[in-house]
Amino acid sequence: MAQTAPPAGAPAGTRPAGAPGQAPAAKPVLPQTPQGAGRLTGIIQDAATKKPVEYATVALLPMAGNTPIDGTVCDERGRFSLKGLAAGSYRLQVSFVGYTSRTQNVIITDGATDLGTLTLQSAAQKLGEVTVTGEREVVETKPDRIVYNADKDITNSGGTAADVLRKVPLVNVDPDGNVELRGTSNVRVLINNKPSGIVASSVADAMKQIPADQIKSVEVITTPSAKYDAEGTGGIINIILKKNSLEGVNGSVGLAGGTRSSNGNATLNYRKGKVGLTSSVSGFAFYSPNRNDLVRYLKSPNGTETKQLDQDGDGNTLGGGGFGRLGLDYDPAQYHNLTLSVQGNLFRNSGNYDQFNNVLLPVSSQFTRDTERRFRTQSYDLSGSYTRTFEQKRREWSVLAQHTRNRNVQAYYLDQFAGNTSENLAKNYREESDNLARNLETTLQTDYAHPFSETALLETGAKAILRRVSSDYDVFNSPSVRSLDPVYNPDRSNLFDYNQDVLSAYGTYGFSASKKVSFKLGARAENTRINGNFQQQQTENSGVTQNYTNVLPNLSMSYQPQNPKKPGQTLRLAYSRRIQRPQIFFLNPFINSSDTLNISYGNPQLRPELTDSYEINYTTFVKGAVLNMSTYARRTGNAIESYRFVDEQGVNNQTFRNIGRNATYGVSLFGSVKPLPKWDVSGNVNVYYVSLKSPALGLNNSGVMYNLNLNSGYKFEKGLSLQFFGGLNSPRVQLQGKQAAWTFYSVGLRKNLLKDKADLTLNADNFLSATRNLRSILDTDQFRQESNNYIYLRGVRLAFNYRFGKASTQPQKRRKSIQNDDTKQGSDGGQGQGQQ
């Protein structure tokens with residue numbers, strides 16, 4: 001069952017009724033108290049089962065009065081720890097939904113006081129017909145974000161990050177792996193709150209590389225505050241990888257084999273005292289057959305259509321790679337923390353593709369192309385941080401740095417034959433090409449938070465992001481039919497260098513106007529300097545030089561009525577202005593002409609987008625169920641959209657333009673309920689209207705779109721559980737056409753083994769049909785084009801996971817980490833750019 005923040009005026013650290021088992025919230029704001037050397041520890045257990053009560057609330061009260069002096073939340077093993085306490089007599093109050101609260105007197109000395117094991121009695125509490133249980137739900141709602149707990153959904157076992165994202169509310173992932181948030185691909189994907197070189201080439205390819213078994217949760221932030229980079233007009237998707245804070249040595253191993261993909265992964269963690277090490281490594285392989293066809297009709301001025309092209313092709317793709325990470329955190333002294341982490345990835349895929357081309361206009365011809373395509377990428381991220389906390393709660397200063405490197409090569413090699421087959425026919429043309437793209441990114445950042453009172457907090461910071469991007473592309477082709485050996489073609493080759501520096505500063509101020517109403521005001525100023533040029537074929541307009549400054553405000557207001565009959569109600573209004581800078585996927589001028597009748601390339605002259613976003617969000621409990629309702633609007637000027645046209649040679653060109661205006665108006669509804677104690681159901685519906693207009697190009701298109709999904713799980717006896725997920729997506733409206741609707745579903749069955757240290761999971765995806773047809777229709781004044789892309793999505797996989805190590809937990813410290821979310825990212829392979 002999802003959860004919201006506690007109602008205003010509730011005791012510090014309490015939870016709304018009906019929302020048990022959620023990961024700990026931020027430590028409650030408490031009055032300042034004299035500091036001392038005292039420390040209070042203990043363990044909270046269920047009186048009947050002797051199992052730990054996860055996330056129970058512990059509050060330290062004075063002997064007279066009920067205003068908490070300090071408080072915390074228990075960890076997953078029921079342990080709690082309060083530090084820096086003055087010696088004296090106090091009362092300790094322990095509470096959790098579904099249990100009777102417990103209060104007892106305690107005496108704290110200047111040293112350590114261990115209370116041992118404290119038990120809570122079950123209260124058998126019910127909300128309507130829903131029995132409360134103490135376990136985190138698959139989906140949770142919070143005031144500023146929705147959290148999908150991937151580790152609670154067994155249909156993810158043995159899968160990839162793409163499988164996980166398909167199940168996240170408000171997120172849409174098409175069969176090609178392209179990611180959208182509330183209908184826009186202008187979304188920033190972070191890993192552990194940080195940018196990563198793994199997504200620099202392509203978000204779609206990156207999502208194939210991260211094992212689902214290493215993902216703890218996914219956060220969706222639709223209206224980020226000013227402390228986030230102002231990029232990502234649709235919002236932020238933050239993938240949180242599992243990180244262990246247990247004392248001692250522990251880890252896990254996993255293997256999964258399937259019809260579409262297979263992978264193996266392992267983690268190893270060590271923590272002792274002030275030092276903690278975390279590590280993980282994974283490898284994967286996938287196989288994907290594909291088939292497609294295309295027909296294009298040219299339009300005459302009088303409206304008649306004439307067929308210009310028929311294409312029919314099939315092939316297959318094989319790929320694989322690895323992903324690894326290593327992290328160190330060290331607490332040299334109280335209030336001081338150092339972290340250092342490195343992660344990297346390797347990704348390869350290659351495929352053979354045969355395509356028959358029947359060209360009718362402008363000159364009739366038939367030929368077949370046998371093409372080999374290769375894509376290789378590798379990246380690493382190196383980051384470090386220093387965090388200084390203070391005795392004054394919520395006061396914090398941090399310095400962070402990160403360096404990211406991504407290198408990718410896309411290449412193709414093709415042989416052309418006359419006629420409708422490559423067998424027993426003379427070769428009449430050869431071509432090959434490779435594009436080496438590099439992305440180097442260095443980030444320096446500092447942040448400071450200062451509380452002026454229990455309800456007022458000022459946050460400020462500054463940041464510099466320095467990017468160095470290049471695209472070195474060469475084309476070799478046959479000079480004539482009599483000389484087939486490819487030779488260098490200087491007219492189609494070049495080196496493009498692109499430098500982008502972003503300097504920014506921000507300030508936010510959050511405060512409570514009353515017990516029910518709170519505000520957060522902020523603004524971010526960003527200066528962008530861009531310099532791009534070509535090594536050869538220089539013309540007056542071939543370079544790119546831009547220098548602009550933007551001030552981007554945001555505002556949010558939260559209202560929490562104090563209604564004991566409806567705890568946890570929250571009404572939130574938010575506004576933000578955000579910017580979307582194009583990155584290498586959109587700027588790279590490399591012409592991918594592996595299909596000479598359908599070519600694609602970037603546009604170095606693109607300007608950034610500016611978007612105004614508005615949202616009204618309401619969350620409440622209704623008879624034990626959680627409902628989250630939102631209405632939103634986005635209005636974008638200078639919007640970057642894909643643009644297609646047919647040139648004089650009859651070739652379809654795909655590139656990008658700043659088309660003009662893009663407006664989206666929508667409503668979304670999320671709900672979560674437990675019809676039975678062991679059965680949970682959650683679902684999401686998102687309906688929105690999109691209007692795309694380009695006065696300069698004389699183009700416009702609009703329409704209503706929707707997507708919905710349902711996630712349900714049931715826990716049987718003896719460690720057996722069943723999970724189902726299903727999703728439906730409407731046809732997609734594009735500037736020059738639309739894409740067909742599609743569905744996705746999966747079923748998973750899990751059995752816990754070896755005293756819950758291992759589990760075996762069987763998953764089946766889209767088992768009723770082998771392929772999905774991602775059908776697209778392009779309709780312009782020049783031509784109408786219909787294409788069918790049959791993507792193989794049926795899959796069955798068996799996954800085994802084993803966890804080892806026996807350890808105790810240690811409370812988490814506040815950490816900071818780099819958050820680069822300032823660039824529009826590519827969505828498919830080949831050209832893409834890309835706080836814990």
Side-chain angles (χ1 to χ4, degrees), residues 145 147-151 156 159-166 168 171 173 177 179 181 187-221 224 228-229 231-232 234-244 263 265 267 278-282 284 321-329 339-347 377-385 400-406 408 439 441 443 445 465 583 815-827 832-836:
R145 66 194 66 195
V147 180
Y148 169 73
N149 293 307
D151 57 348
N156 294 324
T160 66
D163 299 311
V164 172
L165 288 183
R166 284 190 175 96
V168 178
V171 176
V173 182
V179 178
L181 176 57
V187 57
R188 184 59 162 165
V189 177
L190 304 178
I191 299 176
N192 287 340
N193 290 297
K194 297 180 290 185
S196 174
I198 193 173
V199 298
S201 299
S202 160
V203 173
D205 285 338
M207 295 305 99
K208 299 174 185 176
Q209 301 174 53
I210 303 175
D213 296 308
Q214 291 190 16
I215 298 176
K216 179 178 182 292
S217 62
V218 179
E219 299 177 341
V220 177
I221 309 171
Y228 289 93
D229 293 320
E231 193 78 21
I236 293 172
I237 298 174
N238 184 25
I239 299 173
I240 304 296
L241 301 180
K242 294 177 180 177
K243 182 179 179 181
N244 210 319
N263 67 71
N265 64 88
T267 66
T278 61
S279 64
S280 67
V281 64
S282 63
F284 71 98
F323 174 67
R325 57 193 174 106
L326 177 65
L328 164 70
D329 75 72
T339 68
L340 183 65
S341 66
V342 60
Q343 68 181 29
N345 76 293
L346 297 171
F347 179 65
T377 183
Q378 56 264 357
S379 65
Y380 69 81
D381 311 324
L382 178 63
S383 61
S385 70
L400 311 99
Q402 176 170 291
H403 181 70
T404 293
R405 178 185 184 273
N406 174 266
N408 71 77
N439 181 66
E441 185 174 296
T443 304
Q445 175 180 335
I465 307 175
Q583 200 42 271
R815 318 275 191 221
K816 279 283 188 178
S817 63
I818 289 286
Q819 301 176 22
N820 284 7
D821 38 34
D822 70 305
T823 54
K824 184 183 181 89
Q825 301 178 81
S827 57
Q833 175 65 26
Q835 104 202 25
Q836 183 167 304

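Scope of the values below: all heavy atoms of this structure, side chains included, with no hydrogens, waters or symmetry mates. In what follows, residues are counted from 1 in the order of the sequence shown.
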(message) Looking at every non-hydrogen atom in both residues, tell me the closest pair between L326 and S279 and how far apart they are.
(response) CD1-CB, 3.8 Å

(request) Find out whether L400 and Q402 are in side-chain contact, i.e. whether some heavy atom of one side chain is under 4.5 Å from a heavy atom of the other. (result) no

(request) State the OG-CG distance between S217 and D151, to the nearest 0.5 angstrom. (result) 7.5 Å

(request) May I ask you to test the V220-L181 pair for a side-chain heavy-atom distance under 4.5 Å? (result) yes

(request) Could you grab the distance from atom NE2 of H403 to atom OG of S383, nearest 0.5 Å is fine? (result) 12.0 Å

(request) Determine whether L190 and I239 make a side-chain contact, defined as any pair of heavy atoms from C-beta on separated by less than 4.5 Å. (result) no

(message) Could you measure the distance from the CD atom of E441 to the CG atom of N406? Nearest 0.5 Å is fine.
(response) 10.0 Å

(request) Measure the spacing between CD1 of I236 and CD1 of I221 and express it to the nearest 0.5 Å. (result) 5.0 Å

(message) Any heavy-atom pair between the side chains of L165 and I237 that's under 4.5 Å?
(response) yes

(message) Which label fits F347 and F284: parallel for a plane angle under 30°, tilted from 30 to 60°, or perpendicular past 60°?
(response) parallel

(message) Could you measure the distance from the CD1 atom of I215 to the CG atom of L241? Nearest 0.5 Å is fine.
(response) 6.5 Å

(request) Could you tell me which residues satisfy side-chain contact (heavy atoms from CB on, under 4.5 Å) with L340, sequence neighbours excluded, listed by chain and number? (result) L382

(message) Which residues pass the side-chain contact (heavy atoms from CB on, under 4.5 Å) test with S282, not counting sequence neighbours?
(response) P211, Q214, N265, F323

(request) Please assess T339 against D329 for the test side-chain hydrogen bond (donor to acceptor under 3.5 Å, both in side chains), listing each intermediate value before the final yes or no. (result) CA-CA 4 Å; T339 68; D329 75 72; over 6 Å; no

(message) Taking the side chain as everything from C-beta on, heavy atoms only, tell me whether I191 gets closer than 4.5 Å to I210.
(response) yes

(request) Could you check if a side-chain atom of V171 sits within less than 4.5 angstrom of a side-chain atom of V179, using non-hydrogen atoms only? (result) yes

(request) To the nearest 0.5 Å, tell me how far T443 OG1 sits from I465 CD1. (result) 5.0 Å

